[in-house]
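A, B, ... follow the sequence lines: proteins, then strands. Residue 1 opens every chain.
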Protein chains: 2
Amino acid sequence: MSGVRNPGLLAWLYMMRVSNKIHRTSADHLEKYDLTAAQFDVLAHLSVKEGISQQALSERLLVTKGNVCGLIDRMESRGLVSRCSHPEDRRLNLLYLTEAGKALAARAVPAHEEFLERQMQHLSAQEQRNLYTLLRDLDRSLD
Amino acid sequence: MSGVRNPGLLAWLYMMRVSNKIHRTSADHLEKYDLTAAQFDVLAHLSVKEGISQQALSERLLVTKGNVCGLIDRMESRGLVSRCSHPEDRRLNLLYLTEAGKALAARAVPAHEEFLERQMQHLSAQEQRNLYTLLRDLDRSLD
DNA sequence: TATTGTTATACTCTATAACTATA
DNA sequence: TATAGTTATAGAGTATAACAATA
């Protein structure tokens, strides 16, 4: 009576299905702002905390510094992000949003966060909290 | 006292973190079998149900038929999968595992499923069941 | 006409590894 | 020596759209 035998595997399979589905609809939604999911993540991170290094950003985004370099290249060439040498350690590039980047973030970040919350609102508020708690605990244990 | 205000958004962010982390370790694990995650999914699907069309597989994997075509090209050239024309509707390619494909599936699928279950076993059995139920319900509501 | 699969194109993301500049 | 960033390379996945064969 305790349910299925391999709930972990099933949880993983459904996690893949849900994240794939939301990824696709997210990509459609972000097209309005001419952003990819990875670029949105950069914008969302920098709008919370500017002035971090590329290395620090790569650790937050869980990708390599080489990828961040290319990502920032594309966003810098579009005038959304700027690199500034750290005054005391010139190996570091500190990342800032330009005015255009801030303006885009002000439009795109709240709108896309609302979009994401709408996807999750098929679950009740209590279910969303339970899901959040389970995934947060799982995330912490995966380090 | 009901907890955070935007549990849906937080649940989504942690779902991304967890699935990214497990994806990366999965990719490492699948290297033993010289498989990518997408190729593993094909193998796992066909080892449960052979003889489906490329179109049907693309719907199960949630990708376009063009992608399935390239994916099957690579797996066919490695001798893992074969295409057979449907006898009554020659537009359809029915997909089958070759003997080599079956042998690889017999090794890789159980091993990788165990690997995935180990990742989830940081949660208790009851938590895994809760997580599975929440994600299954969310998946169904996203159609 | 509609459907299945193929092909061509293009872009993003990803990893790896060698390289430069700086500390 | 060690660290941050850059560059080059390679590969996978994705989408789109035009095309051929078949129904």
Side-chain angles (χ1 to χ4, degrees), chain A residues 16 19-31 33-43 51-78 80-96, chain B residues 16 19-31 33-43 51-78 80-96:
Chain A
M16 288 299 87
S19 52
N20 281 342
K21 286 182 182 178
I22 296 184
H23 248 134
R24 277 168 184 66
T25 54
S26 283
D28 291 342
H29 185 252
L30 287 172
E31 264 187 11
Y33 306 101
D34 198 20
L35 289 170
T36 64
Q39 290 170 356
F40 174 81
D41 285 343
V42 171
L43 218 57
I52 64 175
S53 69
Q54 295 185 192
Q55 180 74 30
L57 183 61
S58 82
E59 285 158 12
R60 284 161 184 259
L61 298 180
L62 303 175
V63 297
T64 64
K65 59 184 180 172
N67 297 137
V68 166
C69 186
L71 203 43
I72 297 298
D73 282 347
R74 289 187 284 275
M75 296 182 76
E76 192 177 36
S77 74
R78 280 181 55 197
L80 298 174
V81 174
S82 67
R83 293 165 153 108
C84 301
S85 273
H86 185 112
E88 291 162 14
D89 184 343
R90 297 204 319 254
R91 291 177 304 183
L92 281 72
N93 282 341
L94 304 186
L95 301 174
Y96 293 90
Chain B
M16 288 299 87
S19 53
N20 281 341
K21 285 181 182 178
I22 296 183
H23 248 135
R24 276 168 185 65
T25 55
S26 282
D28 291 343
H29 185 251
L30 287 171
E31 265 187 10
Y33 305 101
D34 198 19
L35 289 170
T36 65
Q39 290 169 355
F40 174 81
D41 285 342
V42 171
L43 219 56
I52 63 174
S53 69
Q54 294 185 192
Q55 181 75 26
L57 184 60
S58 82
E59 285 158 13
R60 283 161 184 260
L61 298 181
L62 303 175
V63 298
T64 65
K65 60 186 181 172
N67 296 135
V68 165
C69 185
L71 200 45
I72 298 298
D73 281 348
R74 289 187 285 273
M75 296 182 76
E76 192 176 38
S77 73
R78 280 181 56 195
L80 298 174
V81 174
S82 67
R83 292 166 154 108
C84 301
S85 273
H86 184 114
E88 293 162 13
D89 183 344
R90 297 205 317 256
R91 291 175 304 182
L92 282 73
N93 281 340
L94 303 186
L95 301 174
Y96 293 90

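- Within the 4.0 Å cut-off from OP1 or OP2 of D/dA15, at least one side-chain nitrogen or oxygen of B/Thr64 is found.
- For A/Asp89, whose side chain is taken as the heavy atoms from C-beta onward, the closest listed nucleotide among C/dA23, D/dA4, D/dA23 is C/dA23.
- Counting non-hydrogen atoms under 4.0 angstrom, B/Gly70 reaches nothing in the nucleic acid.
- Contact annotation: A/Arg90 does not reach the phosphate of C/dT20 (side-chain N/O to OP1 or OP2, under 4.0 Å).
- In this structure, the NZ atom of B/Lys65 is 13 Å from the P atom of D/dA18, given to the nearest Å.
- Taking for each of A/Leu94 and A/Asp28 the nucleotide of DNA chain D with the nearest heavy atom, the 5'-most of the two is the partner of A/Leu94.
- In terms of modelled atom types and a separation under 3.5 Å, the side chain of B/Glu59 and the main chain of B/Ala56 share no donor-acceptor contact.
- The two residues B/Ser85 and B/Asn93 come nearest to each other via the heavy atoms OG-OD1, 4.3 Å.
- For the pair A/Glu88 and A/Ala38, both in contact range of DNA chain C, the more 5′-proximal nearest nucleotide belongs to A/Ala38.
- Close to C/dC13, at under 4.0 Å from its OP1 or OP2, lies a side-chain N or O of A/Thr36.
- For the OP1/OP2 pair of D/dT6 and a distance below 4.0 Å, the side-chain nitrogens and oxygens of A/Arg91 include no atom meeting the criterion.
- The distance from atom CD of B/Gln54 to atom P of D/dA20 is 19 Å, rounded to the nearest whole Å.
- Straight-line distance from the CG atom of B/Asn67 to the P atom of D/dG11: 18 Å, rounded to whole Å.
- Between B/Arg74 and D/dG13 there is a side-chain polar atom (N or O) within less than 4.0 angstrom of OP1 or OP2.
- Of the listed nucleotides (D/dT14, D/dG5, C/dT6), C/dT6 has the atom at the smallest distance from the side chain of B/Cys69.
- Between the CG atom of A/Leu35 and the P atom of C/dC13 there is a distance of 10 Å, given to the nearest Å.
- Between A/Ser53 and D/dA4, a side-chain N or O to OP1/OP2 separation shorter than 4.0 Å is absent.
- Closest to the side chain of B/Leu92, from the set C/dG5, D/dG13, C/dT14, is C/dG5.
- What separates CD of B/Glu76 from P of C/dG5 is a distance of 13 Å, to the nearest Å.
- Taking side-chain N and O atoms only, B/Gln39 has no distance below 4.0 Å to OP1 or OP2 of D/dA12.
- A/Arg24 places a side-chain N or O within 3.5 Å of a backbone atom of B/Leu62 that can act as its donor or acceptor partner.
- Expressed to the nearest 0.5 Å, how far CG of B/Leu30 lies from CG of B/Asp41 amounts to 9.0 Å.
- Atoms CD (A/Glu31) and P (D/dA15) sit 11 Å apart, rounded to a whole Å.
- Taking all atoms of both residues into account, the shortest heavy-atom contact from A/Arg90 to A/Pro87 is CG-O, 4.5 Å.
- The nearest heavy atom of DNA chain D to A/Ala56 and to A/Arg24 marks one nucleotide each, and the one closer to the 5' end goes with A/Ala56.
- At a cut-off of 3.5 angstrom, counting only N and O atoms as typed in the model, there is no donor on one side facing an acceptor on the other between the side-chain of A/Asn93 and the base of D/dA4.
- One finds a salt bridge joining A/Arg83 and A/Asp73 here, because a Lys/Arg side-chain nitrogen approaches an Asp/Glu carboxylate oxygen to under 4.0 Å.
- In this structure, A/Val68 reaches neither bases nor backbone, as no heavy-atom distance under 4.0 Å exists between it and the strands shown.
- Atom pair A/Leu30:CG and D/dT14:C1' shows a separation of 15 Å (rounding to whole Å applied).
- For B/Val63, the side-chain atoms get nearest to D/dT14 when compared with the rest of C/dT14, C/dG5, D/dT14.
- Atom CG in B/Asp34 sits about 9 Å away from atom P in D/dA12, given to the nearest Å.
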